[in-house]
Asker: 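Mind looking over this structure? Questions follow.
Both counts, for ligands and for their atoms, begin at 1 and track the order of listing. When a residue number appears, it is its place in the shown sequence, counting from 1.
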Amino acid sequence: PRPIELLTSALEETAKERRHVEPKDAVVHWFKMDLRHTDNKALALSSNKALELGVPLICMYIVSPEDFEAHLRSPVRVDFMLRTLEVLQNDLAKLDIPLYVETVEQRKKIPERILELMDEWGANHLFANMEYEVDELRREAAMVRDLAENGKSFEVVHDTCVVSPGSLQTGTGKQYAIYSPWYRSWIAHVHGNLDLLDLFEPPAKNPERTRKLFTKLFDVPIPDAPPSKALTEEEEKKFHALWPCGEHEAKERLNKFCEERVGGYHDNRNIPSENGTSCLSVHLASGTISARTCVRTARDRNKTKKLNGGNDGIQTWISEVAWRDFYRHVLVNWPYVCMNKPFKPEYSNITWSYDEEHFAAWCEGRTGFPIVDAAMRQLNNIGYMHNRCRMIVASFLAKDLLLDWRKGERYFMEHLIDGDFASNSGGWGFGASVGVDPQPYFRIFNPLLQSEKFDPNGDYIRKWVPELRDMTSKEIHDPYNRGAGPRAKEKGYPKAIVEHKACRERALHAYKDGIESD
Ligand code: FAD
């Protein structure tokens, strides 16, 4: 069975036991990638349960350094999460709800520690939102059963997507493997079930006795990042200014984007030098805002009051947020995509080049392809890269350099502030033509044409590649072939490490041979 089936059957089989769980002294909500107290389904359910039983709600977050490693969390992402916990702790404290944070070094010890804590607190009810990565689904399936055996209930609910994975199927009962028909079905489903866009209330204030009963759980310090994920003081200063954290910041960003920029999204979203997109990905990835709130807010501004029709910018933006749902749907149905396997098995036999020098040049932004270098330097500098550029550098790595896409996928996870297994794996599948995208492998981006089309004046390149700052808008895309070689050389900008036309041919052969040998 797929991991999601393990969890759903564990939930179904223990449903009866859950109904008969004895009320005790507290109800617990376990925060994971849902670091907000508004519009959070499991948190709202746990608060309702606590109210029904007349007992306090305790919130908990487990920091696991091993988990950070397993999820390839970048230091900037870990820092963002830890800062966010502080905001969340303050918000909850205003409701007399403690957010207890504890470090558990080994990931496998988390379930047993949670059970111990629940016993210590006298809690028989645990709630959490579902995460769709394989390990999490398996762990939660086992926990549901273990807790049931211990006379406790564990409710794990769908929350992270607008439409939960598994809700949509083709007319013949199959799973969609192509975005466009899936998206039509997604829209129809939401329009037919408008309560999917109802937002959940924040939790109710805890009874007054909570602070006395659970004094020790209040004001528990948020731990520092483990050494392997720690930022330097200078980096901290930079990233804290660049990426303000927490759900209030997320909401403000969403509202400002919807007021000022969503209307122009359709036209501007592909221009990396424009501030044309929302930059909400780190918030969606950390759960400081829900996809539901995003879609609901944008929809409410559409004059059609629908997800489609009306304003071009709004409908395009909603369709992008839907991509996030789509890649979770893919992950749940084809879990091997997050286990280093291509969606299309016939793409497993491509002979990659494994040229470490090329890989280092790609990582460090010194390939001699200005748009690629600008993009990689943006990532290395601020932990974020514009979507158009993510597509360009992914295609460049897999097709021009013929490097194994998994190396790029991993590098992204290790450096992005918004690193997300499902979306990253989906994006790399697209860039390297090994994913759900129906486009054939012989669609190969030409980095020069991409550069001229999406950064026509070279403003994005100028920002991130200072060596090329004084080039004209023609020279900047290809200095060595446009008469600016001596100036580029003088500034230390490298010549192109490969020749696109020849690489294109090499990639076409390698992909074809790989597929045919399957
Ligand atoms: P906006 O354009 O404002 O879009 C709003 C939200 O919709 C985003 O925040 C994001 O949550 C979602 N979204 C938009 N486009 C996509 C998409 N193509 N796929 C999935 N969700 C999307 N996104 C991540 O969140 N984490 C990743 O690790 C990630 N890795 C990627 C790797 C590659 C190779 C590619 C091509 C794309 C990747 N994306 C990833 C998708 C996309 O690039 C980012 O979500 C987007 O650039 C974030 O900027 P934004 O918040 O301004 O997006």
Side-chain angles (χ1 to χ4, degrees), residues 33 71-74 76-77 80 133 160-162 179 182-183 186 243 250 253-254 256-258 260-262 264-272 274-295 297-298 313-331 337-338 362 372 375-376 378-379 382-399 405-437 439 445 450:
M33 284 296 107
H71 285 107
L72 306 175
R73 295 271 178 250
S74 67
V76 58
R77 172 67 176 281
F80 185 91
E133 283 89 0
T160 177
C161 295
V162 178
Y179 174 78
W182 172 89
Y183 179 56
W186 185 88
W243 299 108
R253 190 177 275 266
L254 171 67
K256 209 158 177 264
F257 173 72
C258 285
E260 296 171 6
R261 290 181 292 124
V262 75
Y265 182 77
H266 181 72
D267 299 328
N268 299 331
R269 72 196 172 106
N270 269 316
I271 310 294
E274 293 276 341
N275 184 17
T277 67
S278 69
C279 281
L280 275 165
S281 48
V282 61
H283 292 289
L284 280 156
S286 319
T288 40
I289 200 152
S290 69
R292 189 171 41 241
T293 299
C294 289
V295 169
T297 308
I314 293 177
Q315 46 173 334
T316 307
W317 193 66
I318 290 175
S319 74
E320 290 298 321
V321 179
W323 271 103
R324 181 179 171 277
D325 270 21
F326 179 66
Y327 285 138
R328 278 166 169 67
H329 149 86
V330 172
L331 169 61
V337 295
C338 278
W362 179 85
V372 173
M376 293 307 295
Q378 180 183 31
L379 173 63
I382 65 169
Y384 174 86
M385 189 192 290
H386 188 277
N387 180 56
R388 168 58 46 184
C389 300
R390 294 187 202 208
M391 295 195 274
I392 296 173
V393 303
S395 170
F396 186 81
L397 179 120
K399 307 278 178 65
W405 50 279
R406 282 162 283 225
K407 284 169 83 77
E409 185 187 18
R410 185 181 177 102
Y411 189 84
F412 263 36
M413 283 305 287
E414 287 171 341
H415 291 82
L416 279 170
I417 192 164
D418 61 20
D420 171 274
F421 262 134
S423 300
N424 196 42
S425 138
W428 276 93
F430 176 91
S433 303
V434 297
V436 276
D437 182 32
Q439 290 277 348
F445 277 14
Q450 290 283 319

Asker: Which residue owns the protein heavy atom closest to atom 3 (O) of ligand 1, what's the atom, and how far is it?
Answerer: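 The closest heavy atom on the protein side is S278 OG, 2.6 Å.
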Asker: Would you say Y327 has any N or O atom under 3.5 Å from an N or O of ligand 1, going by distance alone?
Answerer: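 No: no nitrogen or oxygen of Y327 is under 3.5 Å from one in ligand 1.
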Asker: Looking only at protein heavy atoms, which one is nearest to atom 12 (C) of ligand 1, and how far off is it?
Answerer: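 Heavy-atom neighbour on the protein nearest atom 12 (C) of ligand 1: E320 O, 3.5 Å.
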Asker: What residue and heavy atom of the protein are closest to atom 2 (O) of ligand 1, and at what distance?
Answerer: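 Protein heavy atom at minimum distance: Y265 OH, 2.5 Å.
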Asker: When you measure from the side chain of D325 to the backbone of V162, do you find a donor-acceptor pair of N or O atoms at a distance under 3.5 Å?
Answerer: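 Looks like yes, one N/O pair under 3.5 Å.
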Asker: Can you confirm whether R253 is buried at CZ, in the sense that more than 12 heavy atoms of other residues, nucleotides or ligands lie under 6.0 Å from that atom?
Answerer: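 Yes.
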Asker: Using heavy-atom distances, let me know which of V262, L284, N387 sits nearest atom 8 (C) of ligand 1.
Answerer: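 That would be L284.
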Asker: Without hydrogens or angle criteria, can the side chains of R324 and T160 be said to hold a donor-acceptor pair below 3.5 Å?
Answerer: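 Their side chains do contain a donor-acceptor pair, which is all the 3.5 Å distance test asks for.
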Asker: How far is atom 34 (C) of ligand 1 from its nearest protein heavy atom, and which residue and atom name does that atom have?
Answerer: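 Ranked first by proximity to atom 34 (C) of ligand 1 is G427 C, 3.5 Å.
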Asker: Do you see a donor-acceptor pair shorter than 3.5 Å between the side chains of N387 and R269?
Answerer: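 No, R269 and N387 have no side-chain donor paired with an acceptor closer than 3.5 Å.
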Asker: For atom 17 (C) of ligand 1, what's the nearest protein heavy-atom neighbour? Residue, atom name and distance, please.
Answerer: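 Minimum-distance protein heavy atom for atom 17 (C) of ligand 1 reads W323 CB, 3.8 Å.
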Asker: Any atoms of ligand 1 less than 4.0 Å from a non-hydrogen atom of R324? List them with their elements.
Answerer: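 Under 4.0 Å from R324, ligand 1 has these atoms: 11 (O), 20 (C), 21 (N).
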Asker: Taking R390 first and then D418, would you say they form a salt bridge - that is, a charged N and a carboxylate O separated by under 4.0 Å?
Answerer: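 D418 and R390: salt-bridged.
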Asker: Return the CG to CZ distance between L397 and F412, rounded to the nearest 0.5 Å.
Answerer: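 Answer rounded to 0.5 Å: 9.0 Å.
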Asker: Quick one: do Y183 and I318 satisfy side chain to side chain contact (heavy atoms under 4.5 Å, CB included)? Show the steps, please.
Answerer: CA-CA 10 Å; Y183 179 56; I318 290 175; 4.3 Å; yes
Asker: To which protein heavy atom is atom 45 (O) of ligand 1 closest, and what is the distance rounded to 0.1 Å?
Answerer: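 Answer for atom 45 (O) of ligand 1: S281 CB, 4.1 Å.
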Asker: To which protein heavy atom is atom 31 (C) of ligand 1 closest, and what is the distance rounded to 0.1 Å?
Answerer: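 Checking every protein heavy atom, the shortest distance to atom 31 (C) of ligand 1 gives N424 OD1, 3.6 Å.
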Asker: Check step by step if side chain to side chain contact (heavy atoms under 4.5 Å, CB included) holds for F430 and M391.
Answerer: CA-CA 8 Å; F430 176 91; M391 295 195 274; 3.3 Å; yes
Asker: Any idea which part of F257 is under 4.0 Å from ligand 1, heavy-atom wise: side chain, backbone, both or neither?
Answerer: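 For F257, there is no contact with ligand 1 at all, from either part.
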Asker: Backbone N or O of K256 within a donor-acceptor pair of the R261 side chain at under 3.5 Å?
Answerer: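 Checking the backbone N and O of K256 against the side chain of R261, no donor-acceptor pair under 3.5 Å is found.
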Asker: Below 4.0 angstrom from a heavy atom of L280, which ligand 1 atoms are there? Numbered from 1 as shown, please.
Answerer: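 Close to L280: 9 (O), 51 (O).
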Asker: Considering non-hydrogen atoms of the protein only, which is the closest contact for atom 29 (C) of ligand 1, and what is the distance?
Answerer: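 Protein heavy atom at minimum distance: R390 NH1, 3.3 Å.
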Asker: Looking only at heavy atoms of G431, does any of them come nearer than 4.0 Å to an atom of ligand 1?
Answerer: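 Per 4.0 Å heavy-atom rule, G431 does not contact ligand 1.
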Asker: Report, in ascending order of atom number, the atoms of ligand 1 lying under 4.0 Å from any heavy atom of G419.
Answerer: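 Here the atoms of ligand 1 in question are 28 (O).
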Asker: Suppose I only count heavy atoms of F412 and a 4.0 Å limit; which atoms of ligand 1 are within that range?
Answerer: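 Every atom of ligand 1 under 4.0 Å from some heavy atom of F412: 32 (C), 34 (C).
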Asker: Which of the numbered atoms in ligand 1 are under 4.0 angstrom from any heavy atom belonging to C279?
Answerer: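 With C279 as reference, the close atoms of ligand 1 come out as 50 (P), 51 (O), 52 (O).
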Asker: Does the side chain to side chain contact (heavy atoms under 4.5 Å, CB included) test come out yes or no for S433 and Q439, once each step is laid out?
Answerer: CA-CA 7 Å; S433 303; Q439 290 277 348; over 6 Å; no
Asker: Pick whichever of F326, W317, F430, Y384 has a heavy atom sitting closest to atom 49 (O) of ligand 1.
Answerer: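 The nearest heavy atom belongs to Y384.
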Asker: Run the numbers on C294 and L284 for side chain to side chain contact (heavy atoms under 4.5 Å, CB included), then give the verdict.
Answerer: CA-CA 9 Å; C294 289; L284 280 156; 4.1 Å; yes
Asker: Is there any N or O on M391 that sits under 3.5 Å from an N or O of ligand 1?
Answerer: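 Not met; the criterion fails.
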Asker: What about the rings of W323 and Y179, do their centers lie closer together than 6.0 Å?
Answerer: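 Judged by ring-centre distance (under 6.0 Å), W323 and Y179 do meet the cut-off.
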Asker: Of the side chain and backbone of V393, name the one, both, or neither that has a heavy atom under 4.0 Å from an atom of ligand 1.
Answerer: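 Under 4.0 Å from ligand 1, V393 contributes no heavy atoms.
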